[in-house]
Every structure is written in structure tokens, then in C-alpha cells.
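For reference, the structure is listed below as C-alpha cells.
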Amino acid sequence: ATAQIGVTGLAVMGSNLARNFARHGHTVAVHNRTYAKTEALVKEHGHEGDFVPSETAEEFVASLVKPRRIIIMVKAGEATDAVIDEFAPLLDEGDVIIDGGNAHFADTRRREKDLRDKGIHFVGAGISGGEEGALNGPSIMPGGSAESYKSLGPLLESIAAKAEDGTPCAVHVGPDGAGHFVKMVHNGIEYADMQLIAEAYDLLRSVGGFAPERIAEIFRNWNAGRLDSYLIEITAEVLAHKDAATGRPFVDVVADEAEQKGTGRWTVQTALDLGVPVSGIAEAVFARSVSGHKELREAANGLPGPSAEPLSATEAEEFAARVEEALYASKVVSYAQGWNMIAKASEEYGWDIDLGAMAAIWRGGCIIRAAFLDRIRAAFATDPQLPTLLADRQFAEEVGRAQDAWREVVATAVRRGVPTPGFSAALAYYDALRAERLPAALTQGQRDFFGAHTYRRTDREGSFHTLWSGDRSEEQTA
Ligand code: NBP
């Protein structure tokens, strides 16, 4: 046995991860259900490092040094269970199985528990960065036992992306499903970021009157400032791209129906269960879903909307600057919501997640990588108990400075009939958090009226009920 790490499942992600390990000097055992893929990998990329190909599960396990470390990179769901069932009987106590697929964290909790009973460490590892990241440095979010990370950590850190200060974008997130949980929230935040960027583009185009090429330039400029991020960078690339067949802007020839693979939806479903408002992510998931309902859109096409004068060139430039402020402030809100979700789950499941460390490992490799994340890391370094990013002094100041422009942009969007669910929901959340009193008091009154659900008072301890259908006197119920 010579291999330090094994990868089973050699589609694009598994192959690239295996090559990444090999390029970093590790001997990598490789295996795939269909052996032809294993052979093809070694034939095409064998010169990149030390690969040990195996045709059977038994040979594969025998080629690994102990404790054995096996990364599963197969289709999430039943295939993962099938592979675990195949390998678990071949392993010894102390060996580590890593699931690098996009598993739901509840599945990871179940699998971890089953394997723990057999003395095998199960690590659910979120891996972000797509194919490119897997090959050149992903952001890795491993869950599982702290003990498993001792032998696994250095291997993962060697192939992970490195942040600007050289820190590897991999850290032990917490027990059982913690890694896959934070990967899910990462994807949810990615949905929100993409939606906010799409709204900014829509406003620049339909209100500002700018052509896609000019908007690409605006995004390029934004990318040189506080919005500096991978998603803003690729937005400029996509907007500048011309369709070869027609010569038209690429964005104008692509069908406007956004698809989704499901991690955004999982994030929102889980947030509802945890009772954490992630309105930015929810609006992003719903916006994709609205775009895909062709029949509804066709039925409503032609409903009246407002008419408005086009902006002058100077007004359009000023408007673009305000859109940058609105985008930044909305982004702060959606990250604040995402972090609240991680904090809540950490408390609920006893994961003890280091909130600042999540920002640190998302600075490189992953889709939401951004200069901004270093600010979040710093915010939690200043106050590890920070209840919301909006309460961090620097973020609070920036959002405070942006708020006039933010309101103006949302108001303009409403007046001109441009849908901005992300910007609007973020602003509503900001206003709700900072409000001294919320109309929830009225909601409580209604609930007590029709369902005797009781309410608490601002001036006395206890629960109260008003006899709404009687003399409307109040009784204390607890
Ligand atoms: P796929 O998700 O397309 O899965 C293909 C692999 O699964 C092949 O190796 C296939 O073997 C194997 N497999 C299947 Br399908 N059923 C199996 C079974 N019952 N037993 C054993 N092997 C089985 O590959 P991928 O796109 O490389 O993604 C791998 C994982 O990484 C997924 O969980 C995905 O969600 C996750 N992920 C993907 C990305 C991305 O950008 N693509 C990013 C991050 C995470 P075969 O060759 O014999 O058919």
C-alpha cells in the first residue's frame, strides 16, 4: 500500500480532485464504477503525478496506507449510499470516508452516525469552486470528527485554494453535517448574490438605458472597488460577450428562464425549519422560479405598467452610482442573513462553528469568493458574538451611508416597474431590524382575537388574553 488518499468516482469533479492531489505530490489511488474512466484518467494525466489505478473496490482499498482516506465523488443521493455500502465492510476502525458530493446535511448526519457505530470516521465535505476549483484549488468545508481532521486536514489544506494572505481555504467546520450545512448556505448566498447582480444589470439597462457592453464596463469598474468578487468579474465577461452566430449581445440570445439544481431551495427549506429569515436567498430562489413559469408570464404579458421618460446621460451616470450603493447594502444584508442561519444551526445542532473561519475559507476557491469576505472575517474577529453583520461598526457605517441611494433605487424601480425583489427585500429587512416598534403587536392582537393565542405585554411579565367576544376584559394566563 502506497497511496495517501483515494478518490472513487472519476467524473469531472473526482478526476480533477485526484489530479490536484497528484500535482501536490501525493500518491493517489483512483477508482470508478466503470473502469474505462479510471484508465482514461491515468492515460491522459498519469504524467502529472503518482496515480494508483484499481479496477475493484478490494484492490483500491488495499492500495491505501492506514488510516485509509477515501473520497467519494459520485452523484449525490442513492449512488453515495451504494458506494458507502460497498466500501464500509472493506475498511478498518479509524479509516476515514469523505463524501465530497453535494449531499444534504441531514443525509450526512445519518451516514456519519451509521459509520461511527462501526468505528469509521465519516466526513461530509462541502467542496466549492466547480470543476476549475477542484483542479486548481477549491474551498473545502469538511465536517465530521475533530480526530479525522488530524490526518485529513493537511492533505485537504495542501490542495485547497489559498487566500491572499496565504491561508488555505479549508478548515474543520464542526461535527457530522456541519460541513455540508455550510456548503449549502454558501450556495444559498451565491443565489442571493447572483440575483442582486441580475437586478443591478436590469436597472442599468432598463432605467439607465445602458447597452450590455457599457454595463460590462460599469461592472469592471465596480470590480476594482469594494464589490471586488469572482461573480462581479464574470458578470462583466458574460455581458461583454457577443453571440458568434448573430453578432448580438450574448445576454439577448439566451432564454430568460433560470434553472436550479436545488441547493438554494434546500437552504430556504432549512431556514424555514430553523426559523431564520433569509429573505434575500428566498427571493433569489423565487425569482428563478418566476422566470421559469413561462405560462404565467405569457398570460400576464401585456398587463399595464408605468410609463416613464428616459434618463438624461448625466442622470443615468448618477443612477449607476446609486445602483452600486444599493447592490452593496443589499449584499451586506444577504450575508448577514446567511451568517445568522449558520449561527442558528450551530447552536441547534451543537456544532460550535467558528463564524469568522467560514468567511476566511470563502475568500478563495469558491463561487462567492470576494474581498468583502475578509471584512466579515475581521468583523467576527472583533466580536465573535456579533448578533448580525449589520451591527458591526464598519458595515453599519457603510450601509448607513448607502441607505439614501438604496431607497432611491428601490423607489425608482417601483415607479418604473422593474422587479427588484432582492434589493427590496433586503431594504425591508434592514428597516424591520432597525425599527423601534413593529406591527407584530397588531398581529399578536389578531391571533389572540380569533384563536386565543395570548400575548405578552410591554409593561408586565406573563401571558395575557383579552375576552374579545365577552366584555373585553383582560386575564392573565401565565
Ligand atoms: P456526477 O454527479 O455526474 O456523478 C458521476 C459519477 O458517479 C461517475 O463516477 C459515476 O460512475 C458515479 N456513479 C453513479 Br452516477 N452511480 C453510481 C453507483 N451506484 N455506484 C458507483 N458510482 C456511481 O459527477 P460530478 O459532476 O463529477 O459530481 C460529483 C459530485 O460532486 C456530485 O455530488 C456533485 O453534486 C458534486 N459537485 C459537483 C460540482 C460541479 O461543478 N460539477 C461542484 C461541486 C460539487 P460511472 O462512471 O460508472 O457512471
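Counting convention: from 1, in listed order, for ligands and their atoms alike. Atoms considered below: every heavy atom in the structure, side chains included; atoms not considered: hydrogens, waters and symmetry mates.
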query = Which of the atoms in ligand 1, numbered in the order shown and given with their element, are less than 4.0 Å from a heavy-atom of Gly9?
reply = 9 (O)
inquiry  = Regarding Asp114 and Arg111, does a basic nitrogen lie under 4.0 Å from an acidic carboxylate oxygen?
reply    = no
ask   = In the protein, which heavy atom is nearest to atom 46 (P) of ligand 1, and how far is it?
value = Thr34 OG1, 3.4 Å
key: Within 6.0 angstrom of Asp228 CG, more than 12 heavy atoms from elsewhere   = yes
ask   = Under the criterion side-chain contact (heavy atoms from CB on, under 4.5 Å), which of Ile5, Val61, Val96, Ile97 is the partner of Arg68?
value = Val61
key: Ionic contact status for Arg248 with Asp243, cut-off 4.0 Å   = no
query = Out of Asn102, Val83, Thr263, whose heavy atom is nearest to atom 34 (C) of ligand 1?
reply = Asn102
task = For residues Phe372 and Phe395, establish whether the separation of their ring centroids is below 6.0 Å.
result = yes
ask   = Starting from atom 31 (O) of ligand 1, which protein heavy atom do you reach first, and at what distance in Å?
value = Met73 CE, 3.4 Å
query = What part of Asn32 sits under 4.0 Å from ligand 1 if we count only heavy atoms: the side chain, the backbone, both or neither?
reply = side chain
query = So Phe60 and Phe87, would you call those rings parallel, tilted or perpendicular, with 30° and 60° as cut-offs?
reply = perpendicular
task = May I ask you to identify the nearest protein heavy atom to atom 41 (O) of ligand 1, giving residue, atom name and distance to one decimal place in Å?
result = Gly130 CA, 3.4 Å
request  = Measure from atom 12 (C) of ligand 1 to every heavy atom in Ile367, Val74, Ile84 and give the option owning the shortest one.
outcome  = Val74
key: Contacting atoms of ligand 1, where contact means under 4.0 angstrom from a heavy atom of Leu10   = 9 (O)
inquiry  = Does the plane of the ring in Trp339 sit parallel, tilted or perpendicular to the ring in Tyr335? Use 30° and 60° as the thresholds.
reply    = parallel
ask   = Is it the side chain (CB and beyond), the backbone, both or neither of Thr8 that lies under 4.0 Å from ligand 1, heavy atoms counted?
value = neither
key: Under 4.0 Å to a heavy atom of Lys37 - the qualifying atoms of ligand 1, by number   = 8 (C), 46 (P), 47 (O), 49 (O)
query = Less than 4.0 Å between a side-chain N and a carboxylate O, is that true for Asp392 and Arg375?
reply = no
query = Using the ring of each side chain (for Trp, its six-membered ring), is Tyr430 parallel, tilted or perpendicular to Trp406, with breaks at 30° and 60°?
reply = tilted
note = Among His31, Met13, Arg33, the residue with a heavy atom nearest to atom 28 (O) of ligand 1 is Met13
inquiry  = Suppose I only count heavy atoms of Lys75 and a 4.0 Å limit; which atoms of ligand 1 are within that range?
reply    = 2 (O), 4 (O), 7 (O), 15 (Br)
remark   = Closest to atom 3 (O) of ligand 1 among protein heavy atoms sits Ala11 CB, 4.5 Å
message = With heavy-atom distances below 4.0 Å as the criterion, list the atoms of ligand 1 near Val12.
response = 26 (O), 27 (O)
